[in-house]
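Structure, as C-alpha cells:
Quantities reported herein were computed from a predicted structural model and do not represent experimental measurements. Order of listing sets the numbers, starting from 1, for every ligand and every atom in it.
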Amino acid sequence: MTAEVSRPLIGRCALITGSTAGIGLKTAEALAEMGADIVLNGFGEPEVIATLRSHLSERFAVRVVHSDADVSRPHDVSELVGVAREHGRGRLDILINNAGYAFADSGIESFDPKIWDKQLALNLSGPFHAIRCALPGMRAHGWGRIVNVASVLGLVAVPNRVGYVATKHALVGLTKTVALETAGTSITCNAICPGLVNTERVLDGHRLQASESGASIDTVQARAMATRQPSGSYIESADVASVIAFLCGPHAQEVRGAIWTIDGGWSAR
Ligand code: NAD
C-alpha cells in the first residue's frame, strides 16, 4: 500500500476542538494515523497534555500543538483558528467542531439560564465562529473538511435537556447550510450524531446517578440503554472517530450535508 493510500492526510492540518479527552482525543488519533498534523484544544493538566502531544507525534510521525482556547468565547475561537493556520504553515484543512457541554437536568421552567447561555455559546456559536474564520482559507486553498459533532439529541428530543437538545438541533441546521454554501467546491461539511458513547464524562455521570440513587452501576446503565439505545451497549469513542475520519478522507468528497447517526438504533425508533 502506498503512503498516499494509507495516509491520505499527509501534509494536511486538522483542528479538533475539545480534544484533550473523549471523542475529540480519539478523533485526533484517527486523523493523525491518516497523516494529518494536529491542533489539540481543550483543558487539562499541562503534564497530561504534554504527554498526549508527544504520544501522538511519536506514534504517528505528525506535528502536534495544543491550545487551551475557550471555544465558548468568540475571540478565543478566532485566535485558535489563527494558531491552527500557523501550525499548518498557512493552511487549516480540517475543522472538527467537537467541544460541547451536555449538562442539564431540569424542565424549562427551572432550567438555569446560565447553562442555556453556556450551551448556546459552546455548542452552537463556537462552531459558527470556527467555520466563519476557517472557511476563507479553505476556499483559498481549494480543499476542506468540516465535521460538526452534534448528537442523536440533534434529531430527537428528551425532556429536561432543552439547552442541549436545542443547540444540537441548531448545529444540524448550521451543518446543512454550510454544506449548501460550499457545494460545488472541494470543501464538505457534515455532522455526526452519536448516541451514548463510553467517554469518562458519561461513565462518571452514571456512577454519580448510581451513588445518589443507591442502585448498582449496572442497573443505571441498563436503564439508560433500555429507554434509549436499542443496541443495549455503549458506542466506542474510537468508532465515532472512525466515522469522522472517513468523512475527512478522499472517498467522502461527495458526502455533503450528511447528518450521520451512530446511535445504536436510538433514532430509528
Ligand atoms: P468530554 O467531556 O469527554 O470531552 C470534552 C473535551 O472538550 C475535553 O477535551 C474538554 O477539555 C474540552 N472542552 C470542554 N469545554 C471546552 C471549551 N469551552 N473550550 C474548549 N474545549 C472545551 O466530551 P465527549 O463526551 O467526548 O463529547 C464530545 C462531543 O460529542 C460533544 O460535543 C458532545 O455533545 C458530543 N456527544 C457526546 C456523546 C457522549 O455520549 N459522550 C453523545 C453524543 C454527542
Min heavy-atom dist Gly126 to ligand 1 below 4.0 Å:
no
Quick one: does Ile23 get an N or O within less than 3.5 Å of an N or O on ligand 1?
yes
Main chain of Phe43, side chain of His66: is a donor-acceptor contact present, judged purely on distance under 3.5 Å?
no
Provide the number and element of each atom of ligand 1 under 4.0 Å from a heavy atom of Ala69.
19 (N), 20 (C)
May I ask you to test the Arg145-Leu247 pair for a side-chain heavy-atom distance under 4.5 Å?
no
Using a distance-only test with no angle check, is there a side-chain donor-acceptor pair under 3.5 angstrom linking Asp263 and Gln229?
no
Considering only non-hydrogen protein atoms, determine which one is nearest to atom 23 (O) of ligand 1 and report residue, atom name and distance to 0.1 Å.
Arg201 NE, 3.6 Å
Between ligand 1 and Val202, can you find any atom pair, the residue atom being a heavy atom, that is separated by under 4.0 Å?
yes
Atom indices of ligand 1 within 4.0 angstrom of Val149 heavy atoms, with elements:
29 (C), 30 (O), 32 (O), 35 (C)
Polar side-chain atom of Arg7 near backbone of Ala32 as donor-acceptor pair, under 3.5 Å
yes
Tell me, please: is Ala21 in heavy-atom contact with ligand 1, that is, under 4.0 Å?
yes
Proximal atoms of ligand 1 relative to Leu196 (non-hydrogen, under 4.0 Å)
40 (O)
Closer than 4.0 angstrom: is that true for some heavy atom of Arg73 and an atom of ligand 1?
no
Can you report which non-hydrogen protein atom sits closest to atom 8 (C) of ligand 1, along with the distance?
Thr20 OG1, 3.7 Å
Got the closest protein heavy atom to atom 43 (C) of ligand 1, with its distance?
Pro194 O, 3.2 Å
Going by the atom numbers of ligand 1, which of them fall below 4.0 Å from some non-hydrogen atom of Gly100?
31 (C), 32 (O)
Test your reading of the structure: does Ser151 have an N or O sitting under 3.5 Å from an N or O of ligand 1?
no
Would you check if Asn190 and Trp260 make a side-chain contact, meaning some heavy-atom pair closer than 4.5 Å?
no
Side chain, backbone, both or neither: which part of Lys168 has a heavy atom under 4.0 Å from ligand 1?
side chain
If you measure every N/O of Asp70 against every N/O of ligand 1, is any gap under 3.5 Å?
yes
Is it the case that ligand 1 has an N or O less than 3.5 angstrom from some N or O of Phe43?
yes
Candidate with minimal heavy-atom separation from atom 36 (N) of ligand 1, of Tyr164, Tyr101, Phe103
Tyr164
Report the part of Leu122 in contact with ligand 1, treating N, CA, C, O as backbone and CB onward as side chain, heavy atoms under 4.0 Å; options are side chain, backbone, both, neither.
side chain
Side chain proximity check, Leu135 to Ile146, heavy atoms < 4.5 angstrom:
yes
Would you find a donor on one side and an acceptor on the other, under 3.5 Å apart, between the side chain of Asn198 and the backbone of Leu203?
no
Contact check: Val71 vs ligand 1, nitrogen or oxygen atoms, below 3.5 angstrom
yes
Quick check: Val197 and ligand 1, any N/O pair under 3.5 Å apart?
yes
Spatial distance of atom CG (Asn148) from atom CD1 (Ile244) [nearest 0.5 Å]
10.0 Å
Which of the ligand 1 atoms, numbered from 1, are nearer than 4.0 Å to a heavy atom of Ser19
9 (O)
Side-chain contact test, heavy atoms from C-beta onward, threshold under 4.5 Å: evaluate it for Ile96 versus Val149 and give yes or no.
yes
Just wondering, are more than 12 heavy atoms of other shown residues or ligands nearer than 6.0 Å to NZ in Lys26?
no
Give me the residue, atom name and distance of the protein heavy atom closest to atom 3 (O) of ligand 1.
Gly22 CA, 3.7 Å
If we only consider heavy atoms of Ala102, is any one of them less than 4.0 Å away from an atom in ligand 1?
no
Numbered atoms and elements of ligand 1 in range of Gly195, under 4.0 angstrom, heavy atoms:
38 (C), 40 (O), 42 (C), 43 (C)
Could you tell me if the side chain of Leu124 sits less than 4.5 Å from the side chain of Phe128, heavy atoms only?
no
For the backbone of Ser19 and the side chain of Asn41, can you confirm whether one donor and one acceptor N or O come within less than 3.5 Å of each other?
no
For atom 6 (C) of ligand 1, what is the closest protein heavy atom, and at what distance to 0.1 Å?
Gly18 O, 3.4 Å
Whether the side chain of His55 engages the backbone of Thr51 through a donor-acceptor N/O pair (distance < 3.5 Å, no angle test) should be reported.
no
shortest atom 31 (C) of ligand 1-to-protein heavy-atom contact is with Asn98 O, 3.1 Å
Determine whether a donor-acceptor pair (N or O, by modelled atom type, separation under 3.5 Å) exists between the side chain of Arg207 and the backbone of Ile217.
no
Spell out, as yes or no, whether a donor-acceptor pair under 3.5 Å connects the side chain of Arg63 to the backbone of Asp37.
no
Which of the ligand 1 atoms, numbered from 1, are nearer than 4.0 Å to a heavy atom of Gly42
11 (O), 21 (N)
State, without any angle test, whether Thr182 and Thr185 hold a side-chain donor-acceptor pair at a distance under 3.5 Å.
no
Which residue supplies the protein heavy atom nearest to atom 44 (C) of ligand 1, what is that atom called, and how far is it?
Ala150 O, 3.2 Å
